[in-house]
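The figures that follow rest on heavy atoms only: side chains count, while hydrogens, waters and symmetry mates do not.
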Amino acid sequence: MELRQLHYFIVIAEELNVTKAAKRLHMAQPPLSRQLKQLENELGLLLFERNNNKRLLLTVEGELFLKRAKDIVQRVEKSVLEVQECKNVTNEKLEVGCTIYCASTVLDKLTLIQKQYPNSTFNIYENEPAHLNELLTEGKIDVAVTTTDLPYQHVKTKTLAPDIFVVAVPKEGRYAEEKISVAEIASLPLILLRSNREISIYNRIIKEFEKMDITPNILCECHDSAMLLNLVCRGLGAAIVPYSMLSSFSLEHIKILNIEDNPFVIEPLVTWRTDSYLPKIAQEFLKLF
């Protein structure tokens, strides 16, 4: 069994179609099918079930072998990287993931690491904690910055300084005060940030209103932080956001209101794998937190 066969198998398992997998691998379909058949013959079992429309389905054995194959390929790649970095052949590619609420925190650190590694490149994944956990498990990212503790067992986690939420309102408006109560917030036309699948922070905000038996005036649910703040700038409504999110945004058209008896606070976490080699650029990135 060769490493390239494992790589072929992983791509086929991701595509569940040999023709599509061959295109991804920049090879013809017949030799890829032969490689898969050889792998199955060597293992003495079927990794896929086939149907008439050429769609593949992983067998139970195939699901298990996929996990092991990914682990083997990841460990080999990290071992090669570790040996290369011993000879100062440095990989300057940083793979990092973050939730929508932690994007500004990551941006600040990326700016610093780019100065330290001028030739560095980045892969940035913004997603919900469960998906970031999958990316860590599969070795597609080295570090995750999130608002939720990830369940992956082979990680270390560092809790960062609390991030307090504020209310962002249009600067041209009726907001003369510097503070606002939760009850007053509910009466504003609200633009709430909600990622595609991560709803924990959104739910916390809604539950605070429910505790006070208040129905908030929700004008818009937005799935993009930049769009959210641009909507506020245009005078369409107010947003409840972490203060850190405003650090890299122009406040020319936005006024910040502090929340009285503020119940909205998050503690971001930075998480990294411990079961394989961490590239030097990722090690330096972690030192910034």
Would you check if [X] and [Y] make a side-chain contact, meaning some heavy-atom pair closer than 4.5 Å?
| X | Y | value |
| --- | --- | --- |
| Ile206 | Leu192 | yes |
| Leu112 | Phe285 | no |
| Met27 | Tyr8 | yes |
| Ile185 | Pro216 | no |
| His7 | Gln35 | no |
| Cys98 | Thr146 | no |
| Leu56 | Arg50 | yes |

Taking [X] for the side chain and [Y] for the main chain, is one N or O donor matched with an acceptor at less than 3.5 Å?
| X | Y | value |
| --- | --- | --- |
| Tyr101 | Leu193 | yes |
| Asp261 | Ser181 | no |
| Glu40 | Leu47 | yes |

In Å and rounded to the nearest 0.5 Å, what is the [atom1] to [atom2] distance from [X] to [Y]?
| X | Y | atom1 | atom2 | answer |
| --- | --- | --- | --- | --- |
| Leu231 | Ile191 | CG | CD1 | 4.5 Å |
| His223 | Glu221 | NE2 | CD | 6.0 Å |
| Ile113 | Leu288 | CD1 | CG | 5.0 Å |
| Lys171 | Ile256 | NZ | CD1 | 8.5 Å |
| Gln38 | Leu43 | CD | CG | 12.0 Å |
| Phe209 | Ile218 | CZ | CD1 | 7.5 Å |

Check the pair Leu219 / Leu190 against side chain to side chain contact (heavy atoms under 4.5 Å, CB included), numbers first and verdict last. CA-CA 5 Å; Leu219 173 71; Leu190 289 175; 5.9 Å; no
Sidechain N-carboxylate O distance under 4.0 Å for Lys207, Glu210: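 Not counted as a salt bridge, because no side-chain N and carboxylate O are separated by less than 4.0 Å.
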In plain terms, say whether Arg273 and Glu95 are close enough for a salt bridge, that is, a side-chain N and a carboxylate O under 4.0 Å apart.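 Answer for the salt bridge query: no.
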With Phe9 via ring-ring contact (aromatic ring centres under 6.0 Å, His included) - residues at least two apart: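 Phe9: ring-ring contact (aromatic ring centres under 6.0 Å, His included) contacts with Phe48, Phe65.
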Phe122: partners by ring-ring contact (aromatic ring centres under 6.0 Å, His included), with sequence neighbours left out: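 Counting only residues at least two positions away or on another chain, Phe122 forms no ring-ring contact (aromatic ring centres under 6.0 Å, His included).
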Please report the shortest heavy-atom distance between [X] and [Y], naming the atom on each side.
| X | Y | answer |
| --- | --- | --- |
| Ile254 | Leu229 | CD1-O, 4.0 Å |
| Ile214 | Ala186 | CG2-CB, 3.2 Å |
| Gln283 | Leu278 | NE2-O, 2.6 Å |
| Leu132 | Val145 | CD1-O, 4.3 Å |
| Ala282 | Asp142 | CB-CB, 4.0 Å |
| Pro268 | Ala161 | CD-O, 3.4 Å |

Got a sec, which residues hit side chain to side chain donor-acceptor pair (under 3.5 Å) with [X], two or more places apart in sequence or on another chain?
| X | value |
| --- | --- |
| Gln114 | none |
| Ser104 | none |
| Arg4 | Glu2 |
| Glu49 | none |

Take a 6.0 Å sphere around CG of Asn41 and say whether it holds more than 12 heavy atoms from other residues, nucleotides or ligands.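 More than 12 heavy atoms, drawn from other residues, nucleotides or ligands, come within 6.0 Å of this atom.
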Within a 6.0 Å radius of atom CZ on Phe289, are there more than 12 heavy atoms belonging to other residues, nucleotides or ligands?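 It does: Phe289 CZ has more than 12 such atoms within range.
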Test [X] against every option in [options] by the side-chain contact (heavy atoms from CB on, under 4.5 Å) rule and name the one that passes.
| X | options | value |
| --- | --- | --- |
| Ile141 | Val96, Leu136, Asn127 | Leu136 |
| Leu286 | Val270, Thr271, Ile281 | Val270 |
| Val166 | Ile180, Leu246, Leu257 | Leu246 |

Under the rule for salt bridge (charged side-chain N to carboxylate O under 4.0 Å, His left out), what residues qualify as partners of [X], not counting sequence neighbours?
| X | value |
| --- | --- |
| Lys255 | Glu178 |
| Glu184 | none |
| Glu15 | Arg24 |

Starting from [Y], can I reach [X] by hopping between I/L/V/M/F/W/Y residues whose side chains sit under 4.5 Å apart?
| X | Y | value |
| --- | --- | --- |
| Met245 | Leu236 | yes |
| Leu107 | Val143 | no |
| Leu57 | Val18 | no |
| Leu36 | Leu64 | no |
| Leu16 | Ile12 | yes |

side-chain hydrogen bond (donor to acceptor under 3.5 Å, both in side chains): pairs with one or both residues in residues 59-69, sequence neighbours excluded: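 Listed once each, the pairs are Thr59-Glu61.
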Members other than Ile164 in its cluster, when Ile, Leu, Val, Met, Phe, Trp, Tyr link by side-chain heavy atoms under 4.5 Å?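 Cluster partners of Ile164: Val265.
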Applying side-chain contact (heavy atoms from CB on, under 4.5 Å), can you list everything that pairs with Asp224, at least two apart in sequence or on another chain?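 In terms of side-chain contact (heavy atoms from CB on, under 4.5 Å), with neighbours along the sequence ignored, Asp224 is linked to Ala226, Met227.
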Between Ile10 and Leu66, is a side chain to side chain contact (heavy atoms under 4.5 Å, CB included) present by the stated rule, with each step listed? CA-CA 6 Å; Ile10 291 170; Leu66 178 60; 4.1 Å; yes
